[in-house]
Each structure stands twice: as structure tokens, then as C-alpha cells.
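Every value quoted in this text rests on a predicted model; they were computed, and no experiment measured them.
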Amino acid sequence: MIRHIEFTNLCNFRDVGGYAAKDGRSVRWRRLYRADSLGWLTGADLTAFRALHVRSVIDLRHPFEVEKAGRVPETEGQLYQNLPIEGRRWDTAAYSEELGVARYLADRYLEVTEDGVENLRTALETIARADNAPVVVHCAAGKDRTGVLTALVLSLAGVSEDDIVADYALTGLATERFVADWTRRHPDAPLWPGFGLAPAEAMRLFLADLTARHGSAEAYVREVLQLSSAAVSELRGHLLTEQISPG
């Protein structure tokens with residue numbers, strides 16, 4: 001199966017399938033995708049996107065980002081939800097080389113788990129429903145906000161921390177293009193050192209912080225987001241392959 005799906009105007013669209021779960025099952029392909037901004041879909045890109053038969057799009061950007069950069073083009077019967085999960089805006093001026101990119105990012109991700117509770121719950125409820133799949137989760141770069149939500153989904157599915165971290169870090173393959181695109185659009189704007197980066201350590205630190213604070217990612221989802229046991233079961237039921245009976 002193909003994880004990275006190539007588009008002309010998108011750099012970070014990929015399938016979240018294939019990862020092994022703890023119970024011997026694995027995440028099904030073509031059920032959940034993660035992406036950068038779908039507002040760039042036009043022409044052949046839009047045709048290729050519609051060929052995936054996506055039923056639901058979860059857009060994690062702020063409304064002003066949607067207004068400025070555009071949303072996924074409307075498709076009949078497709079559910080579109082704008083669910084911003086970032087509360088505090090990033091203060092990149094607070095970044096220091098001593099702190100490091102990974103630590104800075106992990107701190108921002110933990111803030112998302114504090115500020116985005118209601119919309120994170122709604123997003124997970126949407127992903128949990130089998131009849132909403134395939135689902136695409138996206139933000140601007142498909143890295144930070146999308147990375148947090150994807151990590152929660154994969155944690156609920158029973159995917160190992162190493163695989164969750166590795167999935168997050170795959171965004172690094174698009175970093176060079178992110179930087180080139182930004183520089184072309186904003187030739188006079190300076191870039192902060194972490195722009196477009198997805199160091200594995202950032203996700204590992206975030207998951208460690210979430211566990212230290214709540215006991216586990218699943219405990220956070222159940223106790224803070226208050227996602228129901230029924231929703232967790234439905235999510236696992238349709239996102240994971242069927243369990244093979246021994247013998």
C-alpha cells in the first residue's frame with residue numbers, strides 16, 4: 001500500500017494505515033488520512049483527491065486561516081468540520097537555542113491538549129464513527145495540530161509509541177518543500193529555526209508529558225476529553241483489521 005500520496009500543490013498528504021496494534025491487529029489502510037492545507041486542491045489534484053472517496057474532512061485551522069487560505073472544495077455528501085484546537089497563539093520569540101526545537105514544540109502540543117478539549121472530543125467522535133470514513137485530518141502543514149490529533153487516534157488504536165513518533169517524523173520529508181514554498185510567498189519574512197521541522201523527539205517528549213500528567217494518552221482522552229467507551233470501541237472496530245482467532 002502507498003502511504004505518501006503525491007499531489008502537485010500539497011506536500012504532506014499521507015495514509016495513516018498499516019501500523020501494528022498491541023492486540024495483533026493493524027490500522028486499516030484508506031480509512032484515515034493526514035494532510036496539509038486542502039485549500040490548495042485544484043485541477044488534477046482535486047480529481048485525485050475525489051478519487052479517494054473521502055467522506056469527512058476535519059480542518060483544525062483557525063477560521064481566519066480558512067478564510068485566508070481557503071477550505072477543501074465542497075463535494076456533495078462530504079462532511080466538513082472546522083474544529084480549531086489551538087488556543088494560545090505561538091510566541092516564537094520565546095524560542096531559544098538552549099530550549100531547542102523539540103522541547104518548544106512539545107510544550108505547544110501540550111497546550112493544545114489543554115485548550116482544544118471540546119473540538120478534540122468532537123474530532124475523535126467523528127473519526128470513531130465508521131460511516132464517516134474515510135476521514136482526512138488536516139491543518140496548515142499537517143504537522144503540529146494534525147500531529148497531536150493523529151497521535152491520540154493511534155494511541156487509542158493501540159499503536160506503539162515508537163510507531164506514533166515515526167509517523168509524526170515523516171513530515172520531515174516535506175520540510176525542504178515547506179521552506180521553499182514559504183520563502184517564495186514571503187521573500188522578506190524571516191523564518192524561525194523550527195519552521196517545517198518535525199523532530200521525532202518533539203512527539204516523544206509530548207507523549208511523555210501527556211503520560212506524566214494524565215497517566216496515558218488514553219486516560220487523557222477518556223477523563224479529560226470524556227470520549228465515551230462506546231466511541232473508543234467503535235473507533236477500534238472500524239480503524240483496525242479484524243482480529244485473527246488463534247488456531
Side-chain angles (χ1 to χ4, degrees), residues 7-14 32-43 45-46 49-50 54-75 78-95 101 104-127 132 135-153 168 171 174-175 177-198 202-203 206 224-225:
F7 291 92
T8 300
N9 294 327
L10 275 62
C11 352
N12 197 23
F13 193 110
R14 57 188 196 263
L32 179 64
Y33 300 96
R34 55 180 297 168
D36 44 335
S37 177
L38 301 186
W40 300 112
L41 288 171
T42 60
D45 276 356
L46 183 55
F49 174 76
R50 286 178 171 159
V54 170
R55 289 183 181 174
S56 308
V57 172
I58 298 173
D59 185 343
L60 302 175
R61 295 174 299 166
H62 294 283
F64 75 83
E65 294 177 274
V66 179
E67 183 176 353
K68 180 179 179 181
R71 52 153 283 180
V72 61
E74 291 190 39
T75 299
Q78 186 179 84
L79 172 67
Y80 171 79
Q81 293 174 295
N82 181 208
L83 300 172
I85 58 173
E86 184 184 79
R88 285 159 274 187
R89 297 297 305 280
W90 287 22
D91 179 12
T92 53
Y95 167 78
V101 171
Y104 178 86
L105 291 175
D107 290 346
R108 304 291 77 75
Y109 300 166
L110 199 62
E111 288 175 355
V112 167
T113 66
E114 297 168 349
D115 300 343
V117 170
E118 290 187 12
N119 283 345
L120 281 169
R121 181 194 310 116
T122 300
L124 288 172
E125 287 172 344
T126 297
I127 293 168
N132 284 335
V135 177
V136 178
V137 175
H138 82 93
C139 51
K143 177 174 83 78
D144 304 307
R145 290 165 285 189
T146 297
V148 170
L149 179 55
T150 302
L152 294 178
V153 173
Y168 164 84
T171 288
T175 298
R177 187 170 168 188
F178 282 140
V179 172
D181 287 351
W182 173 269
T183 303
R184 186 179 67 254
R185 296 191 190 105
H186 310 87
D188 300 319
L191 285 177
W192 80 284
F195 181 86
L197 297 182
M203 179 53 62
F206 163 65
V224 179
L225 301 188

Enquirer: Give a yes or no on whether the backbone of Val54 and the side-chain of Gln78 come within a donor-acceptor separation of less than 3.5 Å.
Expert: yes
Enquirer: Once rounded to the nearest 0.5 Å, what's the spacing between atom CG of Asp45 and atom CG of Asn9?
Expert: 5.0 Å
Enquirer: Check whether any side-chain heavy atom of Phe13 lies under 4.5 Å from a side-chain heavy atom of Leu41, and answer yes or no.
Expert: no
Enquirer: Minimum heavy-atom separation for Val72 to Tyr80, with atom names?
Expert: CG1-CD1, 3.7 Å
Enquirer: I need the minimum non-hydrogen distance between Ala35 and Thr146, along with the two atoms involved.
Expert: O-OG1, 4.0 Å
Enquirer: Please give me the minimum heavy-atom distance between Pro193 and Tyr95, naming the atom from each residue.
Expert: CG-CE2, 3.6 Å
Enquirer: Under the side-chain contact (heavy atoms from CB on, under 4.5 Å) criterion, do Leu83 and Glu118 qualify, and how do the steps go?
Expert: CA-CA 9 Å; Leu83 300 172; Glu118 290 187 12; over 6 Å; no
Enquirer: Which distance, rounded to the nearest 0.5 Å, do you find between the CZ of Phe178 and the OG1 of Thr183?
Expert: 13.0 Å
Enquirer: If the plane angle is over 60° it's perpendicular, under 30° parallel, otherwise tilted; pick one for Trp182 and Phe195.
Expert: tilted
Enquirer: For the NE2 atom of His62 and the CZ atom of Arg89, what is their distance to the nearest 0.5 Å?
Expert: 5.0 Å
Enquirer: Take Leu105 and Phe206, measure what side-chain contact (heavy atoms from CB on, under 4.5 Å) needs, and give me the verdict at the end.
Expert: CA-CA 8 Å; Leu105 291 175; Phe206 163 65; over 6 Å; no
Enquirer: Say whether, by atom type as modelled, one donor and one acceptor occur between the side chain of Ser56 and the main chain of Val135 under 3.5 angstrom.
Expert: no
Enquirer: Can you see which heavy atom on Arg50 is nearest to which on Pro73, and at what distance?
Expert: NH2-CB, 4.0 Å
Enquirer: Among Asn82, Leu149, Ile85, which residue meets the side chain to side chain contact (heavy atoms under 4.5 Å, CB included) test with Asn119?
Expert: Ile85
Enquirer: Can you tell whether the side chains of Glu65 and Arg145 come within less than 4.0 Å, N to carboxylate O?
Expert: yes
Enquirer: SG/Cys139 to CG/Asp59 distance, rounded to the nearest 0.5 angstrom?
Expert: 8.5 Å
Enquirer: Do Leu32 and Val153 pass the side-chain contact (heavy atoms from CB on, under 4.5 Å) test, and can you show the C-alpha distance, the side-chain angles, and the key distance before you say yes or no?
Expert: CA-CA 10 Å; Leu32 179 64; Val153 173; 3.8 Å; yes
Enquirer: Hey, does Leu191 have a side-chain heavy atom less than 4.5 Å from the side chain of Val179?
Expert: yes
Enquirer: On a heavy-atom basis, which atom in Ala151 and which in Met203 lie closest, and how many Å separate them?
Expert: CB-SD, 3.8 Å
Enquirer: Test the Arg71-Trp40 pair against the cation-pi criterion, namely NZ or CZ under 6.0 angstrom from the six-membered ring centroid and within 45° of the ring axis.
Expert: no
Enquirer: With rounding to the nearest 0.5 angstrom, report the CG to CG distance, Asp36 to Leu10.
Expert: 4.5 Å
Enquirer: Is any side-chain heavy atom of Pro84 closer than 4.5 Å to a side-chain heavy atom of Arg61?
Expert: no
Enquirer: Going through the distances and angles, do Val136 and Ile58 end up as a side-chain contact (heavy atoms from CB on, under 4.5 Å)?
Expert: CA-CA 6 Å; Val136 178; Ile58 298 173; over 6 Å; no
Enquirer: Quick one: does any side-chain atom of Thr150 pair with a main-chain N or O of Gly147 as donor and acceptor, under 3.5 Å?
Expert: no
Enquirer: With the threshold set at 4.0 Å, does a side-chain nitrogen-carboxylate oxygen contact exist between Arg108 and Asp144?
Expert: no
Enquirer: Do Thr75 and Val57 have side chains that approach each other closer than 4.5 Å (heavy atoms only, starting at C-beta)?
Expert: no
Enquirer: Would you give the length of the straight line joining atom CZ of Phe7 to atom CG of Leu38, rounded to the nearest 0.5 angstrom?
Expert: 8.0 Å
Enquirer: For a quick check under 3.5 Å, do Thr126 and Gln81 share a side-chain donor-acceptor pair by atom type?
Expert: yes
Enquirer: Hey, does Glu114 have a side-chain heavy atom less than 4.5 Å from the side chain of Arg88?
Expert: yes
Enquirer: Report yes or no: do Thr171 and Arg14 form a side-chain donor-acceptor pair below 3.5 Å?
Expert: yes
Enquirer: With no hydrogens and no angle check, just 3.5 Å: does a side-chain donor-acceptor pair link Tyr168 and Tyr109?
Expert: yes
Enquirer: Measure across Lys143 and Asn12 and return the closest heavy-atom pair with its distance rounded to 0.1 Å.
Expert: N-ND2, 4.5 Å
